[in-house]
Amino acid sequence: MTTDAAPAIAHRPAGDEALNAGRYKTARRLEELALGGLALPALLLIGLIALAPNLWLCWLSFYGPNGFTLAYYERLLHPNYMLTLKTTFELSFLVTGICMALGYPLAYLIAQSSQRMASLLLLLVMFPVWTSLLVRCYAWLVLLQRRGLINTWLGDAGIIETPLRLVHNFTGTTIGMVHIMLPFMVLPLYAAMRAISPDYMRAAANLGASPIKAFWQVFVPLSLPGLVAGVIIVFVLCLGFYVTPALLGGGRVMMWSMQIERTVTYHSDWGAASALGVVLLVMTLLILWLVGRLVGFERIMGSR
Amino acid sequence: MAMSLPISIRSVTKRYGAFAALDDIGLEIASGEFITLLGPSGSGKTTLLMVLAGFIRPDSGEVRFGDRDVSLTPPHKRDVGMVFQNYALFPHMSVAGNLAYPLKLRGAGKSAIAERVNRALDMVQLQGLGERQVDQLSGGQKQRVALARAIIFEPRILLMDEPLSALDKKLREQMQIEVRHLHQRLGMTTVYVTHDQREALTMSDRIAVIDRGRFKQIGRPRDIYERPDSRFIAEFIGESSFLPVTVRDGAAWIGERPLKLARVPPGAAGGHLLVLRPEKLQILAAGAADGLNRLDGEVKEVVYQGESSLLYVALAGGQQVAIRQPATSAAPAVPDIGQPIRLGLAPSDTIIVPADAAP
């Protein structure tokens, strides 16, 4: 317990390597390698299943019988294709818009409910996702057709005299697609809304905001990341949607994906089909990039 | 104090099922007063604050701000400032945006808003940080922005819900003084909620100690600390040891020895306790001690704590008490473990409380 010698606080021989520094470095390298090794199967799988076929698709679209060609793309300027593109975008915008209008209040209700009620409501929202897409489309067919349930009811009730044309057209396709897409809008919205602390709304009220103002000026901006995520998911899914338009459109609603199918099955023209696929892919990426520029990717991908 | 309003709380009750968060509670808060609601968690202090802010509607009772009955007034029409425990700063607005928000809602002009935002930033010493995003601020800075936002629209009542609990000790103590100064400067009636008894003693004009939905004692910090009127208060605020005493005819005995008292002890059916605060006890030289109450015992343990030492003493009757001995050279030497010791307690520090059930 004497204090005559200054205690050695830092002991490091001059010119020597810092104590154990090399061993720590090796250990850290090994950990990084192990982490990378664990992710390797998944990385290979992504490369094999997602990246390689897309690159092949791209290559196919530029490779005709006589080598490199732009002919497949030139064909896309034909009015028929342009009309399909227009329909695809119109339908996607409309379905996304309706999903937003229907999904936001629904997600809000679920987010404001008690935990029990919220679980139950979410279950109801998720339920359709667990049944076959095909089954749901045929079910809509049964409901919406000329002598279907809805027309029969409306007719019996005396509300309409001639049956409404609800299916085999744009209307039917829209109804079916909204039904299928709604969960993909509600889920991200719900997650974002649930994460908003009720204290924000209290603070807004305390500072003098009426419930309506607090909703628009505080709640909606804070739920925006969820809304953007939902819109992107629904819109991108709509762009490439096939089953529902094919079944409920009755051949009158020509989507881009149906154009691809037709090119392959009727004309066996893989080059042209590839070009269609590439255009769809590029458009999707372009939209994602645009939204990312506008809203910021970190806000969509990782909520704060 | 034109900038403040008195608050009147009359028989307010709020139940959640069988549990009474607030049990027929009443309190008159003077204009410009800084009052602290102090209590353990679940005592009802936050519930009462939420009732004042209008976020919780009581089952019965009345709340008045001045002569205005606000019992049924929605929160956005109450015009009270509030600092939330987690600050609740809007993450989608800048610091200046947060501060401007209540002014915008009140229809202030652009230039007036800019000027007042700058003045508020000055007041909480955050000059030049207006354009920062909220998540770029440190905890202490967030705290200041939350405070500035709560007072920028010049409310006459300010509510604070454990605003300093997220800060580290040093910053917390500094902010306690700052909040106190701000209150002295602006003079709005302030209701402050905390579970930290030291914070309550430091900041308040008055403390209302609340437990299980009821007020246990309301008074100035010095009165609450020096004259606790129940075992709960003595235990919750400061450190205390307790010794059973008997009270007869306005006098108190410890065993067969009478205690010298400065006040008449309270009457109570269930027996009485002597409250011993560690810093009120002093070590006496053998034989000394005129005019003081004497307790004899043996040193069991000595804990060195820097500015003082804490001694644990087993009394002749077997009970253990703690004494705090300041580390001044004038103080008597701390005896060794196992040595006999004589403790003295001034009559004015001899506090007797009813031996109510432990909380």
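Reminder, nothing fancy here: chain letters follow the sequence lines and each chain counts from 1.
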_B:Ser71 and B:Asp69: side chain donor to acceptor below 3.5 Å_ = yes
*For the residue pair A:Tyr104 and A:Ser223, confirm or rule out a side-chain donor-acceptor distance under 3.5 Å.*
yes
*Report the relative orientation of the aromatic rings in B:Phe90 and B:Tyr101; use parallel for angles under 30°, tilted for 30 to 60°, perpendicular for over 60°.*
perpendicular
*Aromatic plane relationship, A:Phe219 with A:Phe215 - under 30° parallel, 30 to 60° tilted, over 60° perpendicular*: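 If you compare the ring of A:Phe215 with that of A:Phe219, the planes turn out parallel.
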_Any residue of residues 34-52 of chain B which, by heavy atoms, sits under 4.5 Å from chain A_ = B:Met50
*asked:* Give me the atom names and distance for the closest heavy-atom approach of B:Met82 to B:Ala53.
replied: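 Scanning both residues, the minimum pair turns out to be SD-CB, 3.8 Å.
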*Top of B:Leu89, B:Leu105, B:Val80, B:Leu159 for chain A proximity - count of heavy-atom pairs under 4.5 angstrom*: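 Option with the top pair count is B:Leu105.
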*Most heavy-atom pairs under 4.5 angstrom with chain A, which of B:Ala146, B:Gly54, B:Gly81, B:Ala150?*
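Highest number of pairs under 4.5 Å: B:Gly81.
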*Assess whether atom NE2 of B:His76 is packed by more than 12 heavy atoms of other residues, nucleotides or ligands within 6.0 Å.*
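Yes, because the 6.0 Å sphere around NE2 of B:His76 holds more than 12 heavy atoms from other groups.
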*Does NZ or CZ of B:Arg106 lie under 6.0 Å from the centre of the six-membered ring of B:Phe153, at an angle within 45° of the ring axis?*
yes
*Is chain B contacted by the side chain of A:Ser210, its backbone, both, or neither, given a heavy-atom distance below 4.5 Å?*
both
*Salt bridge present between A:Asp199 and A:Arg202 (N-O < 4.0 angstrom)*: yes
_Which atoms of B:Ile152 are under 4.5 Å from chain A, going by heavy atoms: the side chain, the backbone, both sets, or neither?_
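Nothing of B:Ile152, per the 4.5 Å heavy-atom cut-off to chain A.
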